[in-house]
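For clarity, every value in this text was computed on a predicted model and none was experimentally measured.
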There are 2 protein chains.
Amino acid sequence: MNKTIAKGAATALPLNTILDGDCIERMASMPSNSIDMIFADPPYNLQLKGQLHRPDNSMVDAVDDEWDQFSSFGVYDHFTRAWLKEARRILKPNGALWVIGSYHNIFRVGSALQDEGFWILNDVVWRKSNPMPNFRGKRYTNAHETMIWASKSEGAKYTFNYEALKSLNEGIQMRSDWVMPICTGHERLKDANGDKAHPTQKPEALLHRILVGSTNPGDVVLDPFFGTGTTGAVAKMLGREYIGIEREESYRKVAEARIKGVRKFDREALQVSASKRAEPRVPFGQLVERGMLRPGEELYSMNRRHKAKVRADGTLIGDNIKGSIHQVGAHLENAPSCNGWTYWCFKKDGKTVPIDVLRQQIRAEMQN
Amino acid sequence: MNKTIAKGAATALPLNTILDGDCIERMASMPSNSIDMIFADPPYNLQLKGQLHRPDNSMVDAVDDEWDQFSSFGVYDHFTRAWLKEARRILKPNGALWVIGSYHNIFRVGSALQDEGFWILNDVVWRKSNPMPNFRGKRYTNAHETMIWASKSEGAKYTFNYEALKSLNEGIQMRSDWVMPICTGHERLKDANGDKAHPTQKPEALLHRILVGSTNPGDVVLDPFFGTGTTGAVAKMLGREYIGIEREESYRKVAEARIKGVRKFDREALQVSASKRAEPRVPFGQLVERGMLRPGEELYSMNRRHKAKVRADGTLIGDNIKGSIHQVGAHLENAPSCNGWTYWCFKKDGKTVPIDVLRQQIRAEMQN
DNA sequence: CGGAAAATTGAATCCTTTT
DNA sequence: GAAAAGGATTCAATTTTCC
């Protein structure tokens, strides 16, 4: 019954559309536990005083739009808590939130989301390879922005495509600092006058990494501060469903046209390196049942220091110890745990071969 | 009159000593408006639960000290506001605060200091060149910590040695992200048993840059969480006065001995030799994230005999083979290894161009 | 003694399924 | 829901051991 309701609610979501209006109100009308991931790029509360000039006296086109003005931290905090509360409600239990901000607002946002019950998984730094210099030489070049990645609550599961991210980084575990250029050139959207269509357009590369790492194809991604639709554009490319909320009509129009021109990558390209954890479980006993290993046959530890005999029920027996391949390995190594599949080897034609090779054989057969 | 009082108060400060006890109480007994700079490395409130083992089954020596235990965010916030309030009071009107933290606590600290009236000047990211990996592959490598630099109030003056920092950075304006290794080797202080004397000793290079940038010789630097005295040691080298507060006797003793052995640099020694940086490694995945190559796009081998398709995670898929650009190249050529960068080409305007051209483009951007 | 290989270690909110 | 069992997982740098 629950399932039916949830499903009905989920199919009622306005997938792949850009909603008009205030994001708090719009989210309030969405069903609970229905969104896989939320990417939010809220107003930064920049509080820029006066105008900023470059050394050559040209003027810097700063973010001074009406939507970025908050009269005090209190007002900003109130707004922040309100949208975070709705965001958390509509997120699936195993969903996740990404927020981006600068030092002007990120500490408010981070505190607020912790207070609302989100559980921070990482903070990630976007290190800009081409930031705007500090023209007056009064501070450090503001060369980064901060993102927070959080699950709905402590202990919740979350999507993390570890292997895919590792592949993106040439085989090395992805770190919490990402080097990427700011959005310029052809990617930067212009309005009819040739001015930039949005003051803080985010690079698609940033969203690419976030979506590949934290969602799967078919997942629903919501962006409550849609702007000119970078989230939607990248979601479409990557075969994810998007929902945008944006109150400025001009931004919505630009986003609409932009996403229309985006093509989804073909299915094969969307396949991503899978984790071993996703592979089907093979009981060691199957190797014995199939005759790949025979009862009484001896296995040798990787380090050649120990051996044990295979028994008909798929357990091992060694010196003073009986049990699974993992238990016996852990006991012999005096370790808290042991992966028996990679620990034990058998002899074949005089060579020593890890038993994991046999597991892979079985898995390959299962594919067919 | 004011000036005389302030001066009198300043000379009464316990310069170049390490004070015993709780930092809030100790600061409470110091005169207002008397300190030039405060560097604070407060407890991070890590909230670690169980134990963590490396893949080789060795155990990670966690920070589980009593001083890092707080029963809730509320308790931590209360503590944070209390020390920040005293810190701000004793700071000179043109003084500044530096705080370091991780995602566990930095958002609490940042919000609190804004609420207390501090004015954030920058957040600065310490990017660790050799962080501890994420052993279970469940999150991003925690490869950075965050520092906040703040003046006593909005509009206050503050010390910023722009040119000195620019020199430290090979003539380029210093950015808000600093790459430095963690504190290991000879610099890492050991106790009588040969174990680390403090679980979270900070590298001297970090304090060096902070003190060169934010203080002048003769300035008074206070560290309310002194630990084993990195702040004091570097302050002494650089000809600044320090005051440390530390409640653990064992840390105080180590710090005392350490600082005793430090010699003040003579002027020439303060010149820092610049090191040339190696060519940065560019993961192939970045070309995909940045849209320079699109998932599904075909690459062609130099010899035109093979082709393969790009996937969204930066791997290639060819006939019966998936993997990195190097792995697929090596497999197709039946070679032990292959430099994918020079092996693969893509089509542009009908011409075949090596993908290495794209890598060079990225490197050029990074130089800026 | 020199060089190579092995061991050690770092502010970490670090698992999932079956019984 | 608790307890037991299966089994997946690491990068850079320094220090120690081995040959």
Exercise for review: Would you kindly compare B/Lys138 and A/Leu121 by the position of their nearest DNA chain C nucleotide and give the one closer to the 5′ end?
Suggested key: A/Leu121
Review point. Is the B/Tyr44-B/His104 ring centre distance short of 6.0 angstrom?
Key: no
Check your understanding: Taking the six-membered ring of B/Trp67, is NZ or CZ of B/Arg247 closer than 6.0 Å to its centre and within 45° of its axis?
Key -> no
Review point. Reading DNA chain D 5' to 3', which nucleotide is the first, and which the last, to come under 4.0 Å of any heavy atom in chain B?
Key: D/dG7 to D/dT15
Check your understanding: Got more than 12 heavy atoms from elsewhere within 6.0 Å of CG, A/Asn334?
Key -> no
Practice item. For B/Arg54, report the nucleic acid contact type (base, sugar-phosphate, nothing); a contact means any heavy atom under 4.0 Å. Key: base
Exercise for review: Under 4.0 Å between any heavy atoms, over every strand shown, what does B/Asp68 touch: base, sugar-phosphate, or nothing? Just pick one.
Suggested key: base
Review point. With a non-hydrogen cut-off below 4.0 angstrom, is A/Glu163 in contact with a base, only sugar-phosphate, or nothing?
Key: sugar-phosphate
Check your understanding: Which part of the nucleic acid does B/Thr184 contact within heavy-atom distance under 4.0 Å: base, sugar-phosphate only, or nothing?
Key -> sugar-phosphate
Review point. With a 4.0 Å cut-off on heavy atoms, is A/Lys276 in touch with a base, just the backbone sugar-phosphate, or nothing at all?
Key: sugar-phosphate
Exercise for review: Take atom NE2 of B/His104 and atom P of C/dA11, then tell me their distance rounded to the nearest Å.
Suggested key: 13 Å
Check your understanding: Expressed in whole Å, how much space separates the C1' atoms belonging to D/dA12 and C/dT13?
Key -> 23 Å
Practice item. Write down the distance between CD1 (B/Ile182) and C1' (C/dT8), rounded to a whole number of angstrom. Key: 12 Å
Exercise for review: Give one of base, sugar-phosphate or nothing for B/Asn134, where a contact means two heavy atoms less than 4.0 Å apart.
Suggested key: base
Review point. Rounded to whole angstroms, how far apart are CD on B/Gln51 and P on C/dC15?
Key: 13 Å
Practice item. Determine the contact category for B/Gly50: base if any of its heavy atoms lies under 4.0 Å from a base atom, sugar-phosphate if only primed atoms, P, OP1 or OP2 are that close, otherwise nothing. Key: base
Practice item. Scan A/Gln327 against the nucleic acid and name what it touches under 4.0 Å (heavy atoms): base, sugar-phosphate only, or nothing. Key: sugar-phosphate
**Study point:** Sugar-phosphate, base or nothing in reach of A/Ser324, heavy atoms under 4.0 Å
**Key:** sugar-phosphate
Exercise for review: Considering only atom P, compute the distance from D/dA8 to C/dA12 and round it to an integer number of Å.
Suggested key: 26 Å
Point to revise | Nearest-nucleotide comparison on DNA chain C, the residue closer to the 5′ end among B/Ser58 and A/Ile120 | key: B/Ser58
Check your understanding: Are B/Glu248 and B/Arg252 close enough for a salt bridge, meaning some N to O gap below 4.0 Å?
Key -> no
Review point. Ring centres of A/Tyr300 and A/Phe346 under 6.0 Å apart?
Key: no
Check your understanding: When you check the gap from the basic side-chain N to the acidic O, do B/Asp61 and B/Lys196 get nearer than 4.0 Å?
Key -> yes
Practice item. Just call it for B/Ser129: base, sugar-phosphate, or nothing, with non-hydrogen atoms closer than 4.0 Å on any strand. Key: sugar-phosphate
Check your understanding: Is the Lys NZ or Arg CZ of B/Arg108 less than 6.0 Å from the centre of B/Phe73's six-membered ring, within 45° of the axis?
Key -> yes
Practice item. Using a heavy-atom cut-off of under 4.0 Å over every strand shown, decide if B/Trp126 touches base, sugar-phosphate, or nothing. Key: nothing
Exercise for review: Just say parallel, tilted or perpendicular for the rings of A/Trp98 and A/Trp149, cut-offs at 30° and 60°.
Suggested key: parallel
Study note, to complete from the structure: As its Watson-Crick or G-U partner within any shown strand, both distances under 3.5 Å, C/dA11 has none
Exercise for review: Please work out if B/Pro181 contacts a base, only the sugar-phosphate, or nothing of the nucleic acid, heavy-atom cut-off 4.0 Å.
Suggested key: nothing
Review point. Applying a 3.5 Å limit to both distances, which nucleotide forms a Watson-Crick or G-U wobble pair with D/dA2?
Key: C/dT19
Check your understanding: Under a 90° cut-off about 0 for the syn range, is C/dT16 syn or anti?
Key -> anti
Exercise for review: Find the partner of D/dA8: check Watson-Crick (N1-N3 plus N6-O4 or O6-N4) and G-U wobble (N1-O2, O6-N3) distances, both under 3.5 Å, and reply none if neither fits.
Suggested key: none
Review point. Roughly, in whole Å, what's the span from CD in A/Glu279 to P in C/dT16?
Key: 16 Å
Point to revise | Sugar-phosphate only, base, or nothing, as touched by A/Pro336 at under 4.0 Å among non-hydrogen atoms | key: nothing
Check your understanding: Salt bridge between A/Glu297 and A/Lys309, side-chain N to carboxylate O under 4.0 Å?
Key -> no
Practice item. Using atom CG of B/Leu46 as one end and atom P of C/dG10 as the other, report the distance to the nearest whole Å. Key: 14 Å
Exercise for review: Could you state the atom-to-atom distance from CZ of B/Phe135 to P of C/dT9 in whole Å?
Suggested key: 12 Å
Review point. If you pin B/His186 and A/Arg175 to their nearest nucleotides in DNA chain D, which one's is more 5'?
Key: A/Arg175
Check your understanding: Between B/Trp178 and B/Arg127, is there a cation-pi geometry (under 6.0 Å to ring centre, at most 45° from the normal)?
Key -> no
Check your understanding: Between the base of C/dA11 and the side chain of B/Lys202, is there a donor-acceptor distance below 3.5 Å?
Key -> yes
Point to revise | Interatomic distance at P, D/dG7 relative to C/dG10, whole Å | key: 32 Å
Point to revise | Rounded interatomic separation in angstrom, taking NE2 from B/His144 and C1' from C/dA11 | key: 12 Å
Point to revise | C/dG10 OP1/OP2 closer than 4.0 Å to side-chain N/O of B/Lys196 | key: yes
Check your understanding: Taking for each residue the nucleotide of DNA chain D with the nearest heavy atom, is it A/Ile325 or A/Tyr162 whose nucleotide lies nearer the 5' end?
Key -> A/Ile325
Check your understanding: Mind checking the C1' distance from D/dC18 to C/dC1? Whole angstroms is fine.
Key -> 13 Å
Exercise for review: Using a 4.0 Å heavy-atom cut-off across all strands, classify A/Cys338 as base, sugar-phosphate, or nothing.
Suggested key: base
Exercise for review: Return the value, rounded to whole Å, for the distance between atom CE of B/Met59 and atom P of C/dA12.
Suggested key: 13 Å
